[in-house]
Amino acid sequence: QVQLVESGGGLVQAGGSLRLSCAASGRTFISYTMGWFRQAPGKEREFVAALSWSGGSTGYADSVNGRFAISRDGSRNTVYLQMNSLKPEDTAVYYCAAGRGSNWSTSEWGYGYWGQGTQVTVSA
């Protein structure tokens with residue numbers, strides 16, 4: 001049973017930084033891809049960033065490219081999302097996701113496992 005537990009959300013002023021963590025358990029994730037998605041009130045869930053656990057390749061949404069960075073720590077089975085230069089429009093619930101395969105996807109359908117989400121609020 002794969003379990004993903006996010007942490008690190010909170011309230012931050014515009015221009016500030018937060019680091020989200022996603023602790024993964026229940027599998028060996030070497031053959032998985034890991035993604036971060038977010039959902040703002042009244043909007044659909046959208047892709048933020050992803051990585052291939054084995055190869056380390058990464059991808060980002062245009063809206064966060066250059067400000068956010070996704071990484072992994074294999075020894076801790078944890079994926080991180082470092083968020084810098086935060087903007088009010090980054091306010092959302094952020095979800096960690098895991099999917100089988102070595103090629104990360106920008107689509108929710110590429111991920112079969114999801115965490116419960118962590119709230120990020122950026123004040124102006």
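Remember, it's a predicted structure, so these values are computed and weren't measured experimentally.
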For residues [X] and [Y], determine if any side-chain heavy atom of one lies less than 4.5 Å from a side-chain heavy atom of the other.
{"X": "E6", "Y": "L20", "result": "no"}
{"X": "R72", "Y": "F29", "result": "no"}
{"X": "W36", "Y": "F68", "result": "no"}
{"X": "Y95", "Y": "E108", "result": "no"}
{"X": "Y80", "Y": "L51", "result": "no"}

Taking atom [atom1] of [X] and atom [atom2] of [Y], what is their separation to the nearest 0.5 Å?
{"X": "T78", "Y": "L4", "atom1": "OG1", "atom2": "CG", "answer": "10.5 Å"}
{"X": "M83", "Y": "R67", "atom1": "CE", "atom2": "CZ", "answer": "9.5 Å"}
{"X": "R76", "Y": "C22", "atom1": "CZ", "atom2": "SG", "answer": "14.5 Å"}
{"X": "E46", "Y": "Q39", "atom1": "CD", "atom2": "CD", "answer": "9.5 Å"}
{"X": "M34", "Y": "Y111", "atom1": "CE", "atom2": "OH", "answer": "9.0 Å"}

Looking at S17 and Q82, what are the two nearest heavy atoms and their distance?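 Minimum heavy-atom separation between S17 and Q82: CB-NE2, 4.0 Å.
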
Identify the two heavy atoms, one from A92 and one from A40, that lie closest to each other, and give their separation to 0.1 Å.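 For A92 versus A40, the nearest heavy atoms are CB-N, 3.8 Å.
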
Within the side chain of [X], is there an N or O that forms a donor-acceptor pair under 3.5 Å with the backbone of [Y]?
{"X": "Y60", "Y": "I70", "answer": "yes"}
{"X": "S52", "Y": "S102", "answer": "yes"}
{"X": "S107", "Y": "W109", "answer": "yes"}
{"X": "T33", "Y": "W104", "answer": "no"}

Practice problem: State plainly whether one hydrophobic cluster holds both F47 and V79, where clusters connect Ile, Leu, Val, Met, Phe, Trp and Tyr through side-chain heavy atoms under 4.5 angstrom apart. | Solution: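 Different hydrophobic clusters.
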
* Answer with yes or no whether the hydrophobic clustering places Y94 together with V12; edges join I, L, V, M, F, W, Y residues whose side-chain heavy atoms lie under 4.5 Å apart. =>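 Both belong to a single hydrophobic cluster.
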
**Request:** Answer yes or no: does atom CD of E89 have more than 12 heavy-atom neighbours from other residues, nucleotides or ligands under 6.0 Å?
**Result:**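 Check passes, neighbour count above 12.
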
task: Report, as yes or no, whether the 6.0 Å neighbourhood of atom CG on N84 holds more than 12 heavy atoms from other residues, nucleotides or ligands.
output: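 Check passes, neighbour count above 12.
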
### Query
Which residue, T91, V93, V64, L81, forms the side chain to side chain contact (heavy atoms under 4.5 Å, CB included) with R38?
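The side chain to side chain contact (heavy atoms under 4.5 Å, CB included) with R38 is passed solely by V64 among T91, V93, V64, L81.
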
side-chain contact (heavy atoms from CB on, under 4.5 Å) between Y113 and R100, intermediate numbers included: CA-CA 9 Å; Y113 304 97; R100 294 177 181 175; 3.5 Å; yes

